[in-house]
Amino acid sequence: MTVYEELVARGLIAQVTDEEEIKELINNGKATFYIGFDPTADSLHVGHFMALCLMKRLQMAGNKPIALLGGGTGMIGDPSGRTDMRQMMTVETINHNIACFKEQMERFIDFSDGKALLVNNADWLTQLNYIEMLREIGPHFSVNRMLAAECYKQRLEKGLSFFEFNYMIMQSYDFYVLYEKYGCNMQFGGDDQWSNMLGGTELIRRKLGKDAYAMTITLLLNSEGNKMGKTAKGAVWLDPKKTSPYEFYQYWRNIADADVMKCIRMLTFLPLEDIEKMSSWEGAKLNEAKEILAYELTALVHGEKEAAKAKEASAAVFSGGNLDNAPGKEIGQEDFEDNSIDILKLLVLTELAPSRSEARRNVEQGGVSVNGEKVTDISKRYSSEELQGDGLLLKRGKKKFCKVTVK
RNA sequence: GGGUGGUUUCCCGAGUGGCCAAAGGGGGCAGACUGUAAAUCUGUUGCGGAUGCUUCGGUGGUUCGAAUCCACCACCACCCA
């Protein structure tokens, strides 16, 4: 099976500019392609992860990836598919984020010996001279056409500033620069990037009379049509300090039935034959698929060891067993009053509840238990002796646990 | 530059002087049911143990009392230039 066929089979490809050409290039390792990452946060998330996996797949097939960090484009912010403007970031924040991205990317992609490149578009975008720039590439863009682009639709109703409108031009210019500098002949990106990417291929054609190609990756949506990898509290991060391996594992373990197979197909590296076998699983059996998905992804992102720990902790917490790896929290002597601590404070300290009010509600509604026993008294206190040794296993709701011990 | 409309709690959106911590919906959380799924039903959803405290773009003002009235400022949308 060729790489291209595999990508199709996994449902990763959304749109392509020229299917035959792209097949030919990537199947034969002749593509030099780039994917852009704007440094919008201090960690990559699941959406980026898909892009990185794609890079890896193509790299394994002999193609050369370029990871483009958006130190320049990040100064503007992509308005595609958004209803409001992104918050402008300071240069310091952008640089910090870039450093974080770099570190995480190096764990996935092999950048040694020029097998892949890591570049920052701030290197050329910030050097541009406004007038020169306008004369050089301005004539190649039609405002009429830009406005017709799907990605601006929402913004044309809510308002789009000239500032953001330029994003597409910057991204197109990136592609052009990379083509000239590194012979980059292909761009990949999320499906929401389609318009921006076409801008690039068109600019290259108009300026250089050469063909370049673009391909978008299917956005990972759940059965309700929302982007995956997002929780009420925000994104599911790849940085273990922001989303612990346990939380990461749990996110995938709790996925909806309708989405499991799609995720396994799109996100894991399991062979397609194995995935085929799983696709007939139904009902409770699907739970096994969820375990596999959670384990595989956690292993890819955090390593086998962390994945095994997360799996064990989950098993322990949900069906009994060794709790050593369960999420835990140590509290200090200073948190005690008269050598004891009340249940609400424990819930807040362990971050199982965001505030005492919320914690109180949880207790009142019968959602809190300690060492398996339901707690209904909001003024219940625990002495520091009770927290010695193995500590207490606090549980809020069905899925949130924390083992509290004293320092 | 001129005009009109707007800015409400996580989001949408009601509220136009006291009965407002603020309707309704979405989302979240908890409970029941289950398979750590979905659907459904119930409760809950600013902070605080409580008398209470802090919120309705910002700043001042009117009033016994303001999310609601006035002034100025900021931001946004639409229309006219």
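Convention: sequence-line order gives letters A, B, ...; per-chain numbering from 1.
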Item checked: Inter- and intrachain pairs under side-chain hydrogen bond (donor to acceptor under 3.5 Å, both in side chains), touching residues 333-344 of chain A, at least two apart -> A:Asn339-A:Ser384, A:Asn339-A:Glu385, A:Ser340-A:Arg381, A:Asp342-A:Arg356
Next item on the list: Using the side-chain hydrogen bond (donor to acceptor under 3.5 Å, both in side chains) rule, collect all pairs that involve residues 392-407 of chain A, keeping only residues at least two apart or in two chains.
Entry: A:Asn254-A:Lys399
Please give the distance between the [atom1] atoms of [N] and [M] as a whole number of Å.
N      : M      : atom1 : result
B:rC53 : B:rA22 : P     : 15 Å
B:rG13 : B:rC78 : P     : 16 Å
B:rG24 : B:rC69 : P     : 23 Å
B:rA21 : B:rC56 : P     : 14 Å

Margin query: Side-chain N or O of A:Arg396 versus OP1/OP2 of B:rC29: is the shortest distance under 4.0 Å?
Written below: no
Next item on the list: Assess the side chains of A:Asp110 and A:Ser112: does a donor N or O sit below 3.5 Å from an acceptor N or O?
Entry: yes
Checklist line | Watson-Crick and G-U pairing of RNA chain B, under 3.5 Å, as dot-bracket with | and [ ] | finding: (((((((..(((.....[.....)))((((((.......))))))((....))...(((((..]....)))))))))))).
Next item on the list: Can you check each nucleotide of nucleotides 75-81 of chain B against protein heavy atoms at under 4.0 Å and return B for base, S for sugar-phosphate only, - for none, in 5' to 3' order?
Entry: --S----
Item checked: Per-nucleotide protein contact string for nucleotides 36-46 of chain B (B base, S sugar-phosphate only, - none; heavy atom under 4.0 Å) -> BB-----BSS-
Margin query: Does A:Arg135 qualify as a cation-pi partner of A:Tyr130, given the criterion of NZ or CZ under 6.0 Å from the six-membered ring centre and within 45 degrees of its axis?
Written below: no
Item checked: Sub-4.0 Å heavy-atom contacts from residues 367-375 of chain A onto RNA chain B, ordered by number -> A:Gly367
Checklist line | Atom-pair distance (CZ on A:Arg356; C1' on B:rC53), nearest Å | finding: 16 Å
Notebook entry, point to check: Does the ring centre of A:His48 sit less than 6.0 Å away from the ring centre of A:Phe101?
Noted result: yes
